[in-house]
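Structure first, commentary second.
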Amino acid sequence: MKITRIEAVPYSIPYIHPLHFASGSVDEADHVLVRVHTDEGIVGVADTPPRPYTYGETQKSIVAVVEDIFSPQLAGLDIFARDRMQTIMDRTVHNQTAKGAVDIAVWDVIGKYLNQPVSSLLGGFTDHMTVSHMLGFKPAQELLQIALEFRETHGINTFKLKTGRHPISLDIEAARVLREGLGPEAHLYMDANRGWSANESAEVLRQTADLGMEFLEEPDDAREVLGRRRLVTNSPIPIAADESAPDLGTAAREILTGGANFLAIKTARSGFTEATKILGMAQGMGIDVYVGNQIDTQVGTIASVTFGAAFAHTSKRAGELSNYLDMADDLLAEPLSIEDGKIFVRDVPGVGTAIDEDKLAHYRSN
């Protein structure tokens with residue numbers, strides 16, 4: 001079975017609650033749906049989130065690189081030639097989420113062809129992922145109320161606090177209010193999106209040392225090399241690399257040079273093939289990982305669940321899987337549900353990303 005063409009469909013869905021954080025903000029999901037077509041009529045689907053402030057990609061650039069470069073380069077290849085596809089796409093630098101979506105859509109085709117759930121093909125460790133919810137910039141008491149509502153409504157008990165604000169007292173207060181309001185049983189961690197300096201990050205860590213924060217993600221710009229490594233060495237909790245480690249090479253660099261001692265894996269930017277390599281490297285070096293969120297739609301979220309549930313090392317921590325709840329709608333034909341703080345793998349061939357074509361026609365941008 002061979003690839004005939006790869007289609008990129010831009011679309012936009014508004015957010016109910018815009019999300020604000022140190023590196024940017026989102027008011028609508030101006031994403032791209034990627035579809036890999038084959039000569040046997042099987043079509044694989046994946047979602048692509050443009051994040052210009054993180055990876056430099058825009059909706060228009062993703063459509064262009066997928067349809068003008070990747071589609072003609074990959075057309076005619078056998079659907080199982082994944083490593084060859086990776087090698088070809090890697091000739092084009094950057095464009096992480098575009099490459100990731102093509103890879104996930106290829107895996108979707110493989111699962112449908114073999115009549116197997118992709119999570120089982122990847123590893124099949126468990127049938128679900130525990131959910132972590134991401135809390136954006138808001139007053140401390142408002143953040144607590146949101147967290148309590150998510151705990152009550154969805155059973156979620158793990159929360160990422162977006163930080164990186166100035167003065168740092170805003171985020172220190174938010175962390176303290178959340179811990180006091182949610183109690184010791186809640187799992188809490190912070191993500192500064194490079195918003196602080198290394199010295200500011202060290203002061204935040206000092207003032208939150210009694211709160212049981214599990215780790216701090218991207219406290220400062222990783223290019224602040226000496227400060228970052230000093231921070232990692234002296235921090236009482238792990239320092240996670242996310243946007244500073246978007247692929248296998250940068251993840252290896254950050255771990256081996258002391259820029260981080262914890263890794264985020266995001267299938268939206270690495271697909272399943274490269275994510276598996278990052279996971280294997282991390283596990284071999286004794287580095288913990290977690291499944292991150294690219295402010296994914298339900299289509300992107302079920303891909304994260306598919307990957308995260310496939311492996312013991314990714315499933316032992318909650319994955320960031322609930323921010324689709326901030327969107328007004330979605331393209332997924334069968335909506336996701338969070339049950340007792342968990343999302344379950346779709347027990348269907350492929351990834352489980354069947355699209356509501358009427359909604360796609362309504363929200364598509366061209």
Side-chain angles (χ1 to χ4, degrees), residues 46-49 51 54-55 96-97 100-101 103-104 107 117-135 150 154 156-162 187-191 193 214-218 238 240-248 251 254-255 260-283 287-325 336 338 341-346 351-353:
D47 190 58
T48 326
R51 296 291 174 260
T54 304
Y55 308 117
Q96 287 302 126
T97 67
D103 182 70
I104 291 171
W107 272 101
V118 168
S119 195
S120 297
L121 296 176
L122 287 168
F125 179 75
T126 186
D127 64 353
H128 70 276
M129 281 286 288
T130 303
V131 176
S132 169
H133 184 67
M134 189 162 62
L135 300 167
F150 270 80
H154 302 289
I156 295 172
N157 201 38
T158 301
F159 298 94
K160 168 194 267 193
L161 174 62
K162 284 290 188 179
H187 299 276
L188 301 175
Y189 58 100
M190 298 180 288
D191 176 13
N193 286 117
E214 296 186 356
F215 61 92
L216 172 58
E217 178 185 315
E218 294 293 358
D242 176 16
E243 52 261 48
S244 63
D247 54 33
L248 178 62
E254 288 304 296
I255 296 300
N261 49 16
F262 202 51
L263 284 174
I265 293 180
K266 293 182 175 178
T267 58
R269 69 180 177 213
S270 60
F272 295 158
T273 300
E274 187 164 23
T276 303
K277 296 176 182 179
I278 295 169
L279 175 61
M281 178 199 71
Q283 192 167 6
I287 300 297
D288 276 350
V289 302
Y290 59 103
V291 174
N293 190 298
Q294 207 58 68
I295 318 178
D296 297 307
T297 61
Q298 293 188 38
V299 179
T301 297
I302 198 61
S304 294
V305 174
T306 292
F307 182 84
F311 304 97
H313 204 53
T314 44
S315 62
K316 67 182 180 182
R317 286 185 177 271
E320 297 166 7
L321 304 168
S322 62
N323 283 93
Y324 70 85
L325 294 170
L336 292 179
I338 301 173
K342 302 172 183 177
I343 297 179
F344 286 81
V345 173
R346 293 274 164 94
V351 178
T353 50

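Here, residue 1 is the first one in the sequence, and each next residue gets the next number.
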Heavy atoms of Ala309 and Val345 approach each other most closely as CB-CG2, 3.5 Å
For Leu248, is there any backbone N or O sitting under 3.5 Å from a side-chain donor or acceptor partner on Glu274? yes
Going by heavy atoms in the side chains, are Leu336 and Arg346 under 4.5 Å from each other? yes
I'd like to know if the side chain of Glu218 reaches the main chain of Ser244, judged simply by a donor and an acceptor atom lying under 3.5 Å from each other, with no hydrogens or angles considered. yes
May I ask you to test the Tyr324-Val299 pair for a side-chain heavy-atom distance under 4.5 Å? no
In residues 262-272, what donor-acceptor pairs under 3.5 Å come from side-chain atoms, sequence neighbours left out?
from, atom 1, to, atom 2, distance (Å)
Lys266, NZ, Asp242, OD1, 3.3
Lys266, NZ, Asp242, OD2, 2.8
Lys266, NZ, Asn293, O, 3.3
Thr267, OG1, Ser304, OG, 3.4
Arg269, NH1, Tyr55, OH, 2.7
Arg269, NH1, Asp242, O, 3.4
Arg269, NH1, Asp242, OD1, 2.6
Arg269, NH2, Asp242, O, 3.2
Arg269, NH2, Asp242, OD1, 3.1
Arg269, NH2, Ala264, O, 3.3
Ser270, OG, Lys266, O, 3.0

State the CG-CG distance between Leu279 and Leu122, to the nearest 0.5 angstrom. 10.0 Å
Check Val289 against Ala282 and note the closest heavy-atom contact, atom names and distance. CG1-CB, 3.6 Å
Taking C-beta and beyond as the side chain, do Phe307 and Ile104 meet within less than 4.5 Å on heavy atoms? no
Give the minimum heavy-atom separation between Thr130 and Leu321, together with the two atoms involved. O-CD1, 3.9 Å
Roughly how far apart are Met190 CE and Lys162 NZ, rounded to 0.5 Å? 13.0 Å
Heavy-atom nearest pair, Ile278 first then Ala251, reads CG2-CB, 4.4 Å
Quick one: pull up CG in Asp127 and OG in Ser119 and give me the separation to the nearest 0.5 Å. 9.0 Å
Over 60° means perpendicular and under 30° means parallel, so classify the ring planes of Phe344 and His128, tilted if in between. tilted
Hey, are the side chains of Tyr290 and Ser132 touching, using non-hydrogen atoms and a 4.5 Å cut-off? no
Any chance you could lay out the side-chain contact (heavy atoms from CB on, under 4.5 Å) test for Phe150 and Leu325, step after step, and finish with the verdict? CA-CA 10 Å; Phe150 270 80; Leu325 294 170; 3.5 Å; yes
Quick one: does His313's side chain have a donor or acceptor within less than 3.5 Å of a partner on Gly280's backbone? no
Do the side chains of Thr306 and Trp107 get nearer than 4.5 Å, heavy atoms only? no
Short N-O contact, Lys160 and Glu217, less than 4.0 angstrom: yes
When rounded to the nearest 0.5 angstrom, what distance separates CG in Asp191 from CG in Leu135? 11.5 Å
Do Met129 and Val291 make a side-chain contact, defined as non-hydrogen atoms from C-beta onward lying under 4.5 Å apart? yes
Work out which heavy atom in Gly308 is nearest to a heavy atom in Thr314; give both atom names and the distance. O-OG1, 2.8 Å
Any side-chain to backbone donor/acceptor pair from Glu254 onto Ala260? Under 3.5 Å, distance only. no
Audit row: Tyr189, Thr158, side-chain contact (heavy atoms from CB on, under 4.5 Å) steps and yes/no: CA-CA 8 Å; Tyr189 58 100; Thr158 301; 3.9 Å; yes
side-chain contact (heavy atoms from CB on, under 4.5 Å) for Arg317 and Asp288? Distances and angles first, verdict last. CA-CA 9 Å; Arg317 286 185 177 271; Asp288 276 350; 3.6 Å; yes
As an exercise, state the distance from OG1 of Thr301 to CG of Asp296, rounded to the nearest 0.5 Å. 5.0 Å
Taking every non-hydrogen atom, the tightest pair across Asn261 and Pro238: OD1-CA, 3.3 Å
As a quick check of understanding, evaluate side-chain contact (heavy atoms from CB on, under 4.5 Å) for Leu188 and Leu161, giving each step before the final call. CA-CA 7 Å; Leu188 301 175; Leu161 174 62; over 6 Å; no
